[in-house]
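Report on the structure given below.
Because the structure is a prediction, the values reported are computed rather than measured.
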Amino acid sequence: MKNVAKVAISIPITTLRSLEKARARLRKTRSAAVTEAIENWLRTDEVGDDDARYVQGYLRQPDRTADVEATATGAVASWEPWE
């Protein structure tokens, strides 16, 4: 295989048992299952960074009250009456 590296890690026995059950059920190799888990974790972590940057930007330059009111008015105008 190209562009791969072997890595030795230590994980709790209960985690290993859960991994083995899941990967057998999904018919994945251990390497594929662990790689997928790590990639999902990294994507989730990146989303957290994006959210943090959004909040920081919003705190530096919050929406103007008039813009929020216009958006809310437009949204409410499209609502159907309650029956």
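The distance from the NZ atom of Lys21 to the CG atom of Leu16 is 11.0 Å, given to the nearest 0.5 Å. Distance check, rounded to the nearest 0.5 Å: CD of Glu39 to CD of Glu36 gives 7.5 Å.
The minimum heavy-atom distance linking Ala33 with Arg23 is given by the pair CB-CB, 3.9 Å. Lys28 approaches Ala32 most closely through the heavy-atom pair CB-CB, 4.3 Å.
One hydrophobic cluster, built from ILVMFWY side chains closer than 4.5 Å, cannot hold both Ile9 and Val4; they sit in different ones. Residues Val76 and Val68 do not share a hydrophobic cluster, clusters being chains of Ile/Leu/Val/Met/Phe/Trp/Tyr side chains in contact below 4.5 Å. Ile38 and Val7 end up in the same hydrophobic cluster when Ile, Leu, Val, Met, Phe, Trp and Tyr side chains are linked at under 4.5 Å. In the hydrophobic clustering of this structure, Val34 groups with Leu42; members are Ile, Leu, Val, Met, Phe, Trp, Tyr whose side-chain heavy atoms approach within less than 4.5 Å, directly or through other members.
Looking only at distances, no side-chain donor or acceptor of Thr15 sits under 3.5 Å from a matching main-chain atom of Ile11.
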Go through the steps for Arg64 and Asp67 under the test side chain to side chain contact (heavy atoms under 4.5 Å, CB included), then give the verdict.
CA-CA 5 Å; Arg64 295 180 314 158; Asp67 295 338; 3.0 Å; yes

